[in-house]
Amino acid sequence: MKILVTGGLGFIGSHTVVELLNEGFDVVVVDNLSNSSIDVLDGIEAITGKRPIFEEFDLRDKLKVQEFFGKYDIGGVIHFAASKAVGESVEKPLLYYENNLGVLVYILQELEKKGEGNFIFSSSCTVYGQADVMPITEDAPVKPAESPYGNTKQIGEEIIRDTCRVNPDLKAIALRYFNPFGAHPSINIGELPLGIPQNLIPFITQTGIGLRERLSVFGDDYPTEDGTCIRDYIYVVDLAKAHVKALQRLLDGKNASNYEVFNLGTGKGSSVLEVIRSFEKVSGQKLNYKVVDRRPGDVIQAYADTTKANQVLGWKAKATLDEAMKTAWDWEKKVRS
Ligand SMILES: NC(=O)c1ccc[n+]([C@@H]2O[C@H](COP(=O)([O-])OP(=O)(O)OC[C@H]3O[C@@H](n4cnc5c(N)ncnc54)[C@H](O)[C@@H]3O)[C@@H](O)[C@H]2O)c1
């Protein structure tokens, strides 16, 4: 029995493949390398001493997806493959709906055909928008999406929920990530953003290394302690380990219902200025940044209530912001050397 990891050469996928291999799972990765590199396989092998089976194809090809499920005995699916650039999703909504929802449907159709399956979905805290209460629990209402990308996560969850309702032997867990960052401590794998980074921490490390001139801090007059926005930054290795816990829960039949949702965060919010201070502490250098106007659409604060993941999944984020920041900085230095 094999575990299919779609998008397994991407940022979160590759770290999860490492944790799965370390736990003795037999992994098959499918990736079309649209946002990753074949070299990631070497990084995974350097860490684990094992090389997962790799199938390079585009999951939008429905026939290939069908052939794949005919070829392998798949006992579980962790579905990372998706397009994730919020800005691009506004420009090219159909690309996002096709890649993030079309592919999801194709995979669920194969599991439905089998009559059973264990399915883990990469969702996001974007489904909460600006939540009214902090920290955010899984029961917080889903708010109208700010972008087609965010909408694909909301609709994706609905597609899975509706499919599970009529397929009692199909079990699924949606994991709502807060803000993943960092690299494996071995520095063999990490995040490789194409073009201008969308996320704060790769932008900071790229500025620190001299690839970007300056970081813009969008607004310091928000109603937070230091006036900058607050997010819940979760170390990617901690996040990866949660996937193994979620998969094991389904394989052991310990799930409370056949569709469950968990927040994955640290439970602690950090402001933009706190993140900059952490970088300065870990790197021993000053960061060039400038406070500019607020950016439309930014939520003021979002951090997770992780009680459910802690108690039900038996998982807790371990790394501190500084510890994880060090891996992000070490990775940046390695990539640019
Ligand atoms: N990184 C974040 O901040 C974040 C936050 C919340 C949710 N997520 C979700 O987590 C998942 C993984 O994110 P990531 O940061 O690792 O992204 P990533 O871009 O690094 O990884 C996605 C991988 O999927 C592959 N892929 C994309 N479309 C494909 C297709 N049609 N066929 C085959 N392979 C395909 C890409 O080549 C890439 O290797 C995504 O679903 C993303 O939306 C990410």
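Indexing begins at 1, ligand by ligand and atom by atom, following the structure's order.
Residues K114 and D169 are not paired through a salt bridge, judged by the lack of any N-O separation under 4.0 Å between the basic side chain and the carboxylate. A salt bridge between E67 and K64 is absent, with no side-chain N of the basic residue lying under 4.0 Å from a carboxylate O of the acidic one. We find that D238 and K241 are not joined by a salt bridge, their nearest charged nitrogen and carboxylate oxygen being 4.0 Å or further apart. The pair R161-E157 does not count as a salt bridge, with every side-chain nitrogen at least 4.0 angstrom from each carboxylate oxygen. In this structure, K318 does not pair ionically with E323, as no charged nitrogen and carboxylate oxygen lie closer than 4.0 Å.
For atom 19 (O) of ligand 1, the closest non-hydrogen atom on the protein side is N35 ND2, 2.6 Å. Nearest non-hydrogen protein atom to atom 21 (O) of ligand 1 is G10 CA, 3.4 Å. Looking only at heavy atoms of the protein, atom 36 (C) of ligand 1 is closest to D31 OD1, 3.4 Å. Regarding atom 15 (O) of ligand 1, its nearest protein heavy-atom neighbour is K84 NZ, 2.7 Å. Closest to atom 3 (O) of ligand 1 among all protein heavy atoms lies P180 CD, 3.3 Å. Protein heavy atom at the shortest distance from atom 30 (C) of ligand 1 is N32 ND2, 3.4 Å. The protein heavy atom nearest to atom 44 (C) of ligand 1 is I12 CD1, 3.8 Å. The protein non-hydrogen atom at the shortest distance from atom 22 (C) of ligand 1 is A82 O, 4.1 Å.
Of the heavy atoms in L192, none comes closer than 4.0 Å to ligand 1. Only the side chain of Y149 comes within 4.0 Å of ligand 1, judged by heavy-atom distances. With a heavy-atom cut-off of 4.0 Å, N99 touches ligand 1 through its side chain alone. At a heavy-atom distance under 4.0 Å, no atom of C125 approaches ligand 1. When heavy-atom distances to ligand 1 are checked against a 4.0 Å cut-off, K153 comes that close only through its side chain, counted from C-beta outward.
Remark: ligand 1 atoms within the under-4.0 Å shell around heavy atoms of S122 are 9 (C), 10 (O), 11 (C), 41 (O). Residue-ligand proximity, L59 to ligand 1, at heavy-atom distances under 4.0 Å covers atoms 30 (C), 31 (N), 32 (N), 33 (C). Numbered from 1 in the order shown, with element, the atoms of ligand 1 that lie under 4.0 Å from a heavy atom of L33 read 37 (O). Every atom of ligand 1 is numbered from 1 in the order shown, and the set under 4.0 Å from a heavy atom of S124 is 6 (C), 7 (C). Each of the following atoms of ligand 1 lies closer than 4.0 Å to a heavy atom of N199: 3 (O). Listed by number with element, the atoms of ligand 1 under 4.0 Å from a non-hydrogen atom of D58 are 30 (C), 31 (N), 32 (N). Every atom of ligand 1 with a heavy atom of S123 under 4.0 Å away is listed here by number and element: 6 (C), 7 (C). Within the listing of ligand 1, atoms 6 (C), 7 (C), 8 (N), 9 (C), 10 (O) sit less than 4.0 angstrom from a heavy atom of Y177.
Other members of the cluster containing V282 are F181, I196, L200, I201, F203, I204, I209, L211, L215, V217, Y233, V272, L273, V275, I276, F279, L287, Y289, V291, L321, M325, W329, with ILVMFWY side chains joined at under 4.5 Å, either directly or via other members.
When the heavy-atom distances from atom 11 (C) of ligand 1 to Y106, F11, F181, F80 are ranked, the shortest goes to F80.
Of the options S123, S122, S124, a side-chain hydrogen bond (donor to acceptor under 3.5 Å, both in side chains) to Y177 is made by S122 and by none of the others.
Using a 30° and 60° split on the angle between ring planes, H15 and F11 fall in the perpendicular class, above 60°. Classified by interplanar angle (parallel below 30°, tilted 30° to 60°, perpendicular above 60°), the ring pair Y149/Y96 is perpendicular.
One N or O on the side chain of D31 and one on the backbone of L9 form a donor-acceptor pair closer than 3.5 Å. Between the side chain of E55 and the backbone N or O of F68 there is no donor-acceptor pair closer than 3.5 Å. Between the side chain of Q154 and the main chain of G150, no donor-acceptor pair closer than 3.5 Å is present.
At least one N/O-N/O distance between S34 and ligand 1 falls below 3.5 Å. Among the atoms of G7, none of the N or O lies under 3.5 angstrom from an N or O of ligand 1. Of the N or O atoms in L9, none lie within a sub-3.5 Å distance of an N or O in ligand 1. Residue contacts with ligand 1: S36 is placed with a nitrogen or oxygen under 3.5 Å of a nitrogen or oxygen of the ligand (distance criterion only).
Proximity of S83 to ligand 1 is not established, as no heavy-atom distance is less than 4.0 Å.
Heavy-atom neighbours of K316 NZ from other residues, nucleotides or ligands within 6.0 Å: at or below the threshold of 12.
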Between side-chain atoms of residues 40-53 and protein atoms elsewhere (two or more places apart, or another chain), which donor-acceptor pairs fall under 3.5 Å?
unit_1, atom_1, unit_2, atom_2, d
D42, OD1, R51, NH1, 2.9
D42, OD1, R51, NH2, 3.2
E45, OE1, R51, NH1, 2.6
T48, OG1, I44, O, 2.9
T48, OG1, K50, N, 3.0
T48, OG1, K50, O, 3.0
K50, NZ, L21, O, 2.7

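With a 6.0 Å cutoff to the six-membered ring centre and a 45° limit on the axis angle, R294 counts as a cation-pi contact of Y222. Note that K308 lies in the cation-pi zone of F262, set by a 6.0 Å cut-off to the ring centre and a 45° limit from the axis.
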